[in-house]
Number of protein chains: 2
Amino acid sequence: MLRNTRSDVVRAAGRMFAERGYHGTSMRELGRELGLLGSSLYAHIDSKEDLLVEVVDRGAALFTEAAERALAAADTASGRLRALIAGHIDVILEHRDVVRTFLNEARMLDDAHRLRVVAARDGYEAQFRSVIAAGVDSGEFKTGADPKLASIFTLSVLNAVERWYRTEGELDRSALVDELYRFVVAALIA
Amino acid sequence: MLRNTRSDVVRAAGRMFAERGYHGTSMRELGRELGLLGSSLYAHIDSKEDLLVEVVDRGAALFTEAAERALAAADTASGRLRALIAGHIDVILEHRDVVRTFLNEARMLDDAHRLRVVAARDGYEAQFRSVIAAGVDSGEFKTGADPKLASIFTLSVLNAVERWYRTEGELDRSALVDELYRFVVAALIA
DNA sequence: CCTACCGATCGGTAGG
DNA sequence: CCTACCGATCGGTAGG
């Protein structure tokens, strides 16, 4: 039985916040998950909200970094859109608890922290929007497509994957990305 | 200052559960919203969870009934799909608090109640699926489209409207429905 | 719907 | 990371 690190605590918090929600998780339950008392958690952190801030910030960072890598790896608009989609799905499937907490519990943050997260999310969405706008300008996507709405709809479909996709199912990750890309791009090309 | 009815209590609960989450709402806060003490709520209900059950069940019923009306009002696959989409958006925009609680807080229900809600949601999704499948069979939609995945993607875009759409914005309801329909149907026809 | 209250649990602290 | 604890708040009840 080794000692828990601060990062163990954050990871377990992400798991529990994802499953039961922030307000549905008590410090004593979180401690039990790690084999210690609720009060012992305060050797690692200052407050419960610190844990939420840390998990949610990590979610924002994961998506932001994935977008950077995606945009560096492709140069056509459709190639970049596909890379953005693949990167988004990678983040969801590899950091599911963090993502669930990011998507569903960020609204429980106090104003200052929540606004910071909203800004990060807006910046991420803007990456999708400008890739779509570039594709419209270059003629790769159809004229008259609304990049703002298209990026909202695209992220709607992508984020929902957290809610329904099962790794154990018959649809594997690359097939999922294919289907998502085809669904999204159809509206941009049709 | 008239007396509150049970339905006032349920409505206020829907509002607060939507905003702060089920576990983030205390009975005392709910009472304050209605101008009475937390303990006085128990003259109307038996438990806090009763309120969640009632709000979530109402959400399920609203969607189910909207689907029935939609399917009765159109007969082609694309007409029915459009009516399903319009009906779904009507439910979201006219019962936003109920819908938010239905979508985000149903998982806080105990097993028995949650499974009932999941069954209702699956039945609702099946309506979308069979309309899409009918359109594929009739040749209205393209051969090879996967009705199951298409219905999941469609409901993903529709449900997300709760998260981003603002009634005060420049996009009015019928334009929203138009855009949603075009986005979804593009993948089925392209 | 209020008064008066219940035991349980909450997030968190002091000191080791 | 535990012991021992804090005041505050939780969902809920009895009786009116």
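Only a predicted model underlies this, so the values are computations on that prediction, with no experimental measurement involved. Within every chain, numbering begins at 1; the chains are lettered A, B, ... in the order of the sequence lines, protein sequences first and strands thereafter.
Among the heavy atoms of the strands lying under 4.0 Å from Ser47(A) are primed sugar atoms or P, OP1, OP2 only; no base atom is included. Within the 4.0 angstrom heavy-atom criterion, only backbone atoms of the sugar-phosphate kind lie near Leu36(A); the bases stay farther away. Counting any heavy atom pair closer than 4.0 Å across all strands shown, His23(A) reaches no nucleic acid atom.
Annotation for Glu33(A) and Ala12(A): closest pair CG-CB, 4.3 Å, computed over non-hydrogen atoms.
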I'd like to know whether Tyr165(B) forms a side-chain contact (heavy atoms from CB on, under 4.5 Å) with Arg96(B), so could you lay out the CA-CA distance, the side-chain angles of the two residues, the decisive distance to 0.1 Å, and finally the verdict.
CA-CA 11 Å; Tyr165(B) 183 75; Arg96(B) 196 147 187 167; 4.2 Å; yes

Just do the side-chain contact (heavy atoms from CB on, under 4.5 Å) check on Phe102(B) and Val117(B) with the steps written out, would you?
CA-CA 9 Å; Phe102(B) 173 73; Val117(B) 173; 3.7 Å; yes

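At least one donor-acceptor pair under 3.5 Å links the side chain of Glu49(A) to the backbone N or O of Asp110(A).
Considering only heavy atoms from C-beta on, Phe63(A) stays 4.5 Å or farther from His95(A) through its side chain.
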Fill in the dot-bracket string of DNA chain C, one character per base: . for unpaired, | for a pair to another strand, ( ) or [ ] for pairs within the strand, taking Watson-Crick or G-U pairs under 3.5 Å.
||||||||||||||||

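With a 6.0 Å cutoff to the six-membered ring centre and a 45° limit on the axis angle, Lys148(B) does not count as a cation-pi contact of Phe128(B).
Put simply, chain A comes within 4.0 Å of DNA chain C, heavy atom to any atom, from dC10(C) to dT13(C), going 5' to 3'.
The pair Arg100(A)-Glu105(A) does not meet the salt-bridge criterion, since no charged nitrogen lies less than 4.0 angstrom from a carboxylate oxygen.
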